[in-house]
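These notes concern the structure reproduced below.
Since the structure is predicted, the reported quantities are computational estimates derived from the model, not experimental observations. Note on naming: letters A, B, ... go to the chains in the order of the sequence lines (proteins, then strands), and numbering restarts at 1 for each one. In what follows, every heavy atom counts, from backbone to side chain, and hydrogens, waters and symmetry copies are set aside.
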Amino acid sequence: MDKEYLRRWFDPQSRSFKELRELQHEATLMIDLRDGFRELRTVAGMDCSYLGDRIICAIVVLDYTTLDIIKREHVVQKVRLPYIPTYLNFREGCAMASAFGKLEKKPDVLIMDSCGINHPRRSGMASYFGAVMDHPTIGVSKKILCGEALVPTEVGEYHELVYEGEQVGWVLKTSKRSNPIIASPGHKVSMQSCLEIVGHCLKGHKLPEPTRLAHLYAAELREELKAGKGHQTTFNENY
DNA sequence: GCGACAG
DNA sequence: ATCTTGTCGC
């Protein structure tokens with residue numbers, strides 16, 4: 001994945017929304033929803049936080065069996081696009097690709113704080129990123145972007161999320177007090193494996209460990225930057 | 001036109 | 001996502 005390749009897929013600069021939609025469509029054509037991993041030894045979670053005009057992307061790699069942390073990486077960049085529903089991949093894509101690129105050993109599967117195929121154009125961040133990077137991904141979010149589902153009320157209960165007559169993910173009740181979460185296949189992960197992998201990573205909290213820990217790490221880095229430690233922290237502008 | 005809408 | 005105080009519950 002050279003810089004030019006990443007720029008083409010993730011940089012929203014000087015591009016119209018029509019062009020961005022065409023890129024999403026192009027990525028969608030590459031999506032494969034069959035399991036594309038050989039074994040599950042590691043799983044990573046990736047999430048972003050913001051500070052002013054900067055975006056902080058954090059990634060945490062865990063041992064799949066024990067869920068212990070193996071590695072953490074992050075990058076800080078300038079934000080290039082405001083938040084616009086259904087175009088999140090172009091807001092956070094550059095930072096995510098850069099942080100992911102820092103990992104010498106890629107995780108067997110990557111869980112992202114976003115949508116997978118549960119997207120109006122089947123191009124949620126997890127699906128778009130997975131297809132472009134050709135890596136197994138799963139999207140986990142806290143709100144439904146599109147689709148409908150029965151509301152699970154008992155911890156452990158889950159239902160199919162359906163959009164335009166097709167199942168695009170799952171809605172799961174993961175903890176007593178919190179609202180259900182949504183899990184959707186991104187790329188190279190089947191609908192069944194998506195449910196099993198996310199279920200395996202649950203540890204009593206609302207979010208699965210990979211994403212929960214990445215979220216905490218991103219928030220931690222944000223506080224460090226705010227405190228002025230930004231210069232001794234990793235600076236990684238552009239891709 | 002109006003409301004909804006991942007992070 | 002971020003801005004924010006107290007508050008209820010395991």
Side-chain angles (χ1 to χ4, degrees), chain A residues 10 12 17 20-21 24 27-28 31 45-59 74-100 110-132 137-149 154-155 161-164 168-187 194 198 202-208 210-227:
Chain A
F10 295 112
F17 283 97
L20 297 182
R21 282 194 299 277
Q24 290 183 327
T28 292
I31 294 175
M46 187 148 65
D47 189 32
C48 297
S49 62
Y50 297 85
L51 180 60
D53 62 350
R54 285 176 292 182
I55 175 173
I56 301 127
C57 180
I59 181 165
H74 79 279
V75 299
V76 178
Q77 293 184 354
K78 289 294 175 69
V79 294
R80 312 158 179 251
L81 193 71
Y83 168 66
I84 300 166
T86 75
Y87 293 91
L88 183 64
N89 56 315
F90 296 111
R91 175 170 166 78
E92 304 185 331
C94 285
M96 291 193 152
S98 183
F100 188 69
L110 174 65
I111 302 179
M112 313 173 83
D113 241 63
S114 64
C115 289
I117 57 171
N118 52 335
H119 177 283
R121 294 178 290 283
R122 303 297 198 278
S123 202
M125 168 60 109
S127 289
Y128 188 89
F129 187 89
V132 168
T137 58
I138 289 174
V140 169
S141 57
K142 308 168 202 66
K143 299 173 193 168
I144 293 177
L145 175 61
C146 68
E148 301 176 330
E154 302 295 319
V155 174
L161 174 64
V162 176
Y163 181 60
E164 294 181 330
V168 292
W170 307 94
V171 176
L172 337 163
K173 179 71 175 176
T174 59
S175 79
K176 190 173 183 179
R177 45 180 296 179
S178 59
N179 292 320
I181 64 170
I182 298 87
S184 175
H187 177 61
C194 169
V198 171
L202 291 174
K203 201 173 165 184
H205 293 283
K206 175 175 185 175
L207 296 172
T211 290
R212 190 178 74 84
L213 295 173
H215 183 82
L216 289 175
Y217 187 38
E220 185 183 315
L221 291 166
R222 179 178 185 283
E223 292 311 306
E224 279 182 22
L225 272 188
K226 192 188 294 181

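Residue-level contact check: A/Phe90 touches neither bases nor backbone, having no heavy atom under 4.0 Å from any strand. Residue-level contact check: A/Asn118 touches neither bases nor backbone, having no heavy atom under 4.0 Å from any strand. The residue A/Lys176 sits apart from the nucleic acid: no heavy atom pair falls under 4.0 Å. Note on A/Tyr83: a base of the nucleic acid sits closer than 4.0 angstrom, heavy atoms only.
The shortest side-chain heavy-atom distance between A/Asn118 and A/Tyr163 does not fall under the 4.5 Å cut-off.
In this structure, A/Ile182 CD1 and A/Ile144 CD1 are separated by 5.0 Å, a value rounded to the nearest 0.5 Å. The CD1 atom of A/Ile56 sits 10.5 Å away from atom CG of A/Asp47, with the distance rounded to the nearest 0.5 Å. Atom NE2 of A/His205 sits about 13.0 Å away from atom OG1 of A/Thr211, to the nearest 0.5 Å.
Nearest-nucleotide positions on DNA chain C for A/Arg177 and A/Glu223 put A/Glu223 closer to the 5' end.
Rounded to an integer number of Å, the gap from OH of A/Tyr87 to P of B/dA6 is 15 Å. The CD1-C1' distance, from A/Ile55 to B/dA6, rounds to 13 Å in whole Å. A/Arg222 places its CZ atom 17 Å from the P atom of B/dG7, with the value rounded to the nearest Å. Atom OH of A/Tyr128 and atom C1' of B/dG7 are 17 Å apart (whole Å). Protein atom CG of A/Asp113 is 12 Å distant from nucleotide atom P of B/dA6, rounded to whole Å. In this structure, the CZ atom of A/Arg121 is 17 Å from the P atom of B/dC5, given to the nearest Å. Spacing between atom CG of A/Asn179 and atom C1' of B/dA6 amounts to 15 Å, rounded to whole angstrom units. The distance from atom CD of A/Glu148 to atom P of B/dC5 is 12 Å, rounded to the nearest whole Å.
Using bins of under 30°, 30° to 60° and over 60° for the plane-to-plane angle, the ring pair A/Tyr217/A/His74 lands in the perpendicular bin.
Secondary-structure annotation of DNA chain C gives no stems, with a stem taken as at least 3 successive Watson-Crick or G-U pairs whose two distances both fall under 3.5 Å.
The side chain of A/Lys143 contributes no N or O atom lying less than 4.0 Å from OP1 or OP2 of B/dC5.
For DNA chain C, the outermost nucleotides in 5' to 3' order that have an atom under 4.0 Å from a heavy atom of chain A are C/dA1 to C/dC3.
Of all heavy-atom pairs spanning A/Ile117 and A/Ser184, the tightest one is N-OG, 3.1 Å.
Counting only distance, with no hydrogens or angles, the side chain of A/Ser141 and the backbone of A/Cys115 share no donor-acceptor pair below 3.5 Å. No donor-acceptor pair under 3.5 Å is formed between the side chain of A/Arg212 and the backbone N or O of A/Leu207.
The cationic atom of A/Arg80 (NZ for Lys, CZ for Arg) does not lie both less than 6.0 Å from the six-membered ring centre of A/Tyr87 and within 45° of the ring axis.
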Apply side-chain hydrogen bond (donor to acceptor under 3.5 Å, both in side chains) to residues A/Arg121 and A/Thr86 and explain how you reach the verdict. CA-CA 8 Å; A/Arg121 294 178 290 283; A/Thr86 75; 3.1 Å; yes
Once pairs are restricted to Watson-Crick or G-U wobble with both distances under 3.5 Å, how does DNA chain B read as a dot-bracket string, [ ] for crossings and | for other-strand pairs? .......
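Within a 6.0 Å radius of CD in A/Glu223, other residues, nucleotides and ligands contribute more than 12 heavy atoms.
Here the rule is ring-ring contact (aromatic ring centres under 6.0 Å, His included) with A/Phe90, and of A/Tyr128, A/Phe17, A/Tyr83 only A/Tyr128 fits it.
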